[in-house]
Amino acid sequence: MGEGLAAAFGAVELCSHGRLLLVVEVVSTDSEVVDRIIKKAGYAEAGISRYWFVKCDGGTAHRRALHPETGEYEPGPGGDQPLSWLLTAVPDLL
């Protein structure tokens, strides 16, 4: 994991207490670059297998899964879902 982006945003610290499986990020216009690029890269570096984000002005939960070979997030199983789904679903993370 190391000293990279994950360490800068505390993802390494969180993962040291157990395997963190999912991050859900609420993205605002003012934080979009940090949330969707910088922090997402840190989560991938830390090996967090699922990254979901919701834009403040939208109604969709964008679900991404970490590809084990590339280390990049790709659209997750089941695709994007309405925000109402996110608020009532039990995530399938295994």
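- Here Y73 pairs with Y51 under the ring pair (Phe, Tyr, Trp, His ring centres under 6.0 Å) rule; sequence neighbours left out.
- A salt bridge is defined here as a Lys NZ or Arg NE, NH1 or NH2 lying under 4.0 Å from an Asp or Glu carboxylate O, and E32 with K55 meets this definition.
- Note: D35 CG to K40 NZ = 11.5 Å, rounded to the nearest 0.5 Å.
- Here the shortest heavy-atom pairing between G79 and R63 reads O-NE, 2.7 Å.
- Contact detail for P77 and A65: the closest heavy-atom pair is CD-CB, 4.2 Å.
- Checked by atom type and distance alone, the side chain of T60 never pairs as donor or acceptor with a backbone atom of H62 at under 3.5 Å.
- In this structure, CD in E72 is found 10.5 Å from NE2 in H67, a value given to the nearest 0.5 Å.
- Side-chain contact between V54 and L83 is present, with at least one heavy-atom pair separated by less than 4.5 Å.
- Qualifying salt bridge (Lys or Arg N to Asp or Glu O under 4.0 Å) partners for R64, counting only residues two or more places apart in sequence or in other chains: D80.
- When the side chains of ILVMFWY residues are joined at heavy-atom separations under 4.5 Å, either directly or via intervening members, V26 and W52 end up in two distinct hydrophobic clusters.
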